Structure formats: structure tokens, C-alpha cells
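Worksheet: the structure to be examined is printed underneath.
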2 protein chains.
Amino acid sequence: MAEQAETLRRAPLSRDRILRAAVALADAAGIESLSMRNLAQELGVVPMALYKHVANKDELLDAMIDLVVGEIDPPTPGADWKQDLRRRVLSARQALRRHPWAPLAIETRNMATPALLAYLDSVVGTLRAGGFSANLAHHVMHAMGSRILGFSQELFDTARDAGRSGRTTPAPPTAALPPEVAARFPHLAEIATAASHDDASVVGQGCDDQFEFEFALDLLLDGIERLQQQAWTSARRTR
Amino acid sequence: MAEQAETLRRAPLSRDRILRAAVALADAAGIESLSMRNLAQELGVVPMALYKHVANKDELLDAMIDLVVGEIDPPTPGADWKQDLRRRVLSARQALRRHPWAPLAIETRNMATPALLAYLDSVVGTLRAGGFSANLAHHVMHAMGSRILGFSQELFDTARDAGRSGRTTPAPPTAALPPEVAARFPHLAEIATAASHDDASVVGQGCDDQFEFEFALDLLLDGIERLQQQAWTSARRTR
DNA sequence: CTTGACAGGTGTACGGCGTACACCTACCGT
DNA sequence: ACGGTAGGTGTACGCCGTACACCTGTCAAG
């Protein structure tokens, strides 16, 4: 009786509700505690109920990724390719930062979800419209690698285990190494502390992930721009 | 009796033997079938026996990573930073290609194994010796990202699921997309087929991962070199 | 030579996982 | 009124990592 009432009280299960709950759970508690059992409990339902709406856990993960990728800004048709690409990559970064589990999930999956393909396709479209040859566009996609999705496998990533163990405390950005480590790896110790971002006058010591990401992104984009101009020049020369 | 004989026949277990067997198993059967139980069976031993030599599976994985990272070429003290860095990154790539499970394992771990730190430290050392400021070296490490370890999360990676499901068949490099996909993502379809690597005359159509990796690597290294010269110039100017 | 500590392999067991399969039940179109 | 079906349930299986008690062979100290 009471059980019936509860059954009636809760919203009926649906693929959409499951996906939302899954993303919320992964956001809050980390991807490693997203089990079918936990998720079901979160929804007030028995684990096997989920399987009436998703084929299995892999499909669930794919759908979650698509949800996140869907948050990335659409392209701006008229715009300059470089600006537009930069903007979208940073938008991708924001999206993935809202869901710290996503990079790991993306890398783990087999990498062919529809939303992901659509995003990549649109990026290539921007390049082609910007005058890139199919060939050069191909190379550029490889060169950008996972950075095109807004992450770069930061080698010392504070935000990274957020994808595993839940929300991080804000955490001082990459504090200095423990002294015994610093002693054995002097060069790492040196660069860990030294990271002012302008020529001078930056308050926060330590490492600003966002700055580093944009630094690398612009390094790539500038190099790519040079390549494109080269290609254009040489095409003109042989005309 | 027979059991005793067998016990005596097999070499005594040791941390080293376990690590070797674990790497071999992951190489041959994929990281996902490296379970403590499988590994123990491979060694003709009961699962719990392993725990006399490794603390737990995480520690085992860390040790495996260190083994792989240890295969990377050491630096050449006198050499030009750019050449040396290029050579070592390509050496890292070779090492990780011998163990397709390693990139995923590295990304999954918490990223602080001794051999890895030593490698990174030596790379920074090369940069510093090459005249990079600690600051610029820091940025460069971020810019290189996982590429410094010889992989780059190729977005369509044929070799990638080798790390999961075992040795791949040689496999034609990134064959064309299935037609219904190609129709929905025209730009992807276009660049999937178009990928000649020189200006002309390349026999194999399709995508050569090694070429793409070096392309991106050189794009970065060239950009980095330019930055360094800039820094040097401006330092000279203000002298 | 005895003894007792200890290193190293064994057996059992627990809790968690994904999910196959049989079931039950409420609703809906005929 | 009734059969089908969509959707939630319960049980169970085979994996996983690993805690814990146990056994056994080796070897140093008495």
C-alpha cells in the first residue's frame, strides 16, 4: 500500500530522467561511483528497471557523453575561422569542466557517438570554409588532438581526479611539490613554483590551468595559421 | 605429491616476475583482461599469492607504467634541445606503441610514479639547458601535454582499442567511413579519405598515425622555438 | 639438533559489479 | 471483457578486488 503510493508519487522512469540523473551523479560523486545500482537507488528504483530504457552501461555512458558534447557552442557561420575555432574550443573546455568525469569517459569509450561526430564535423566545416584544404584540415584535426574537445590531459591535473572521486575542493592551483620529491626532481620543482603568466605582476603564484590551456591553444592556432598562409602562398605561386 | 612437484618446478614468484607477466598479459590480451585472477593463473599460482609481492592492483598498474616509461630513451646531454626533445618524444611514442594499454593506464592513474617524474624532470632539464626560462619551460610542458609521452588521444584511433581488447590485426589505416555516416557528416567524410602526406605521390591513402603525430609535434616544436627566440630577443633588447 | 620466527603460497569468504531471465502488474486498444 | 504489451521487480550468476586465517618449508639462534 505504502509502496504503491511511493511508486505513484515518483515520476515515471524515462531515458531522459535516467540520463540526467546519471550525469548529476557523476558530477557530484565521480564517475567511479556511477554504478547501475547506485543510479537506480538515486532514482528510487530497482537496478534492472534501468535496462528497460538503456541497453547497458556502455550505451548509458555514450549517451551521457553526447549530452555533454551537446553543450558545446554551435559554430558562427560567417566568422573568421581562427576566432570561431578558438571560441568553440574554449566552449568545449567549459562544458567538460562542468563535468570533470567526461574527459576520462570520452577517452575510455570507443569514440563514435553521434553528437561527437557532429561536433567534429562542424569543426572541419569551419576549417574548410576558412580556406583549408581537406588535407590540411585533416592534419589540423590530428594536431589539435583532444585539445579540440577542450582538454589536454594535463600532466599534473588537479581537476582530473575530480572525475573519479567527486567534486574537488577549490584547491590551491598545484601547490609546490613535497620537499623530498623536489630534491630528487630539481627541474620539476623549479618550474612548479615559477609560473608567472605575464612578464610581471601576477599575484597568484602556481599554475593557472586555463591560462596554460589557452597558451597551448594559441600556440597551435598561430602555427596552423602560418601553415595555411604558406599553403595559400605556394598555391598562388604555382598558379 | 604431483602438486608439490609442480610447485617446485615453477620459478618462485617475485615482484619482477609478476610485473613482467602483467605487462605481457596486458600486451597480449588487453588491459581489461588483466585481473588479479587471470594474472595469477598465468603464473600458475593462486590470486592471493600476488599480494605477497604487490600491495594491490593500483600499485601493480603504477609499477607496470614505470616499466614502460623506463623504456624511453635517456637524454643526450650535449645535444640541441629541439632535436633531443623530438627524439625522446618519438622514443616515448615507440615505447607506448609497444604497450597499447599504457596511455589509458597512465591517464587513469593519479600520475605520480617515480619513473614518470624522472622522465618529465629530464625533459624540463633539456629545456632549461637549452636556454628556456623556468617560466617558458613550464608553459611548454603544458603545451606538449600528453604528446610529451608519445601519445595524443588520437580522436579516431585504430590502435586505441588494442589497449582494451588485445592485439589488433594490422588493419588498414582508418578506412573510409560507412556510407550512411559519411552522408550525415560530409566534412569528416571528406578529410577521412583525403590525406596524402607529401605534396603528391603517396601510395597509401588513408591516415598514417605516425605522420600525423610528427606533424603535430613539429608544429609545436617550431612554435616553441619561435617563442624562445622571441624571449631571447626581447631579453637582449632590454639589456 | 631443536625450535621458533618468518617469508611465501593457499583457501575461504565478503561485498560490489553488470546483467540474463522469469515474473508480475497496470494499462490500453479491440 | 480481454489479451498484449510496456515497464518495474526479484533472484541469480559469474566476474571482480582483497581481508583474513591458515599451512608449510627454510633458516638462524639456542
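Letters go in sequence order (proteins before strands), and every chain restarts at 1. No experiment lies behind these values; they were computed from the predicted model shown.
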Check this one for me: any side-chain N or O of B/H53 less than 4.0 Å away from OP1 or OP2 of C/dG9? yes
Could you please name the option among C/dT10, D/dG8, D/dC16 that lies closest to any side-chain atom of B/V46? C/dT10
side-chain hydrogen bond (donor to acceptor under 3.5 Å, both in side chains) against A/E59, all qualifying residues, sequence neighbours excluded: A/R15
Walk me through whether B/L19 and B/H53 qualify under side chain to side chain contact (heavy atoms under 4.5 Å, CB included). CA-CA 10 Å; B/L19 291 184; B/H53 302 271; over 6 Å; no
Taking atom C1' of D/dT9 as reference, at what distance in whole Å does atom CG of A/L43 sit? 15 Å
To the nearest angstrom, how far is B/N38 atom CG from D/dG14 atom C1'? 13 Å
Those residues at least two apart in sequence (or on a different chain) that pass side chain to side chain contact (heavy atoms under 4.5 Å, CB included) with B/A105 are B/I65, B/W101
CG of A/L50 versus P of C/dG18: gap in Å, rounded? 10 Å
Quick one: A/I18 CD1 to D/dG7 C1', roughly how many Å, whole number? 11 Å
Restricting to side-chain hydrogen bond (donor to acceptor under 3.5 Å, both in side chains), what partner residues turn up for A/Q41, sequence neighbours left out? none
A/N38 side chain to A/S33 backbone, donor-acceptor under 3.5 Å: yes
Tell me, please, which residues at least two apart from B/R20 pass side-chain hydrogen bond (donor to acceptor under 3.5 Å, both in side chains). B/D16
Could you note down all residue pairs passing salt bridge (charged side-chain N to carboxylate O under 4.0 Å, His left out) where residues 65-74 of chain A supplies at least one of them, sequence neighbours left out? A/E71-A/R98, A/D73-A/R87
Please state how far atom CG in B/L39 lies from atom C1' in D/dC16, giving the value in whole angstrom units. 14 Å
Spacing between B/Q41 atom CD and D/dC15 atom P, to the nearest angstrom: 11 Å
Once side chain to side chain donor-acceptor pair (under 3.5 Å) is applied, what residue pairs with a partner in residues 114-124 of chain A remain, sequence neighbours excluded? A/R88-A/S122, A/D121-B/H187
Starting at the 5' end of DNA chain D and moving along, which residue's nearest nucleotide shows up first, A/A49 or B/S35? A/A49
Checking B/S91 now: which residues fulfil side-chain hydrogen bond (donor to acceptor under 3.5 Å, both in side chains) with it, not counting sequence neighbours? none
At a heavy-atom distance below 4.0 Å, what parts of residues 60-68 of chain A sit against DNA chain D? none
List the protein contact pattern of nucleotides 18-23 of chain D with one symbol per nucleotide (5' to 3'): B for base contact, S for sugar-phosphate-only contact, - for none; contact means a heavy-atom distance under 4.0 Å. BBB---
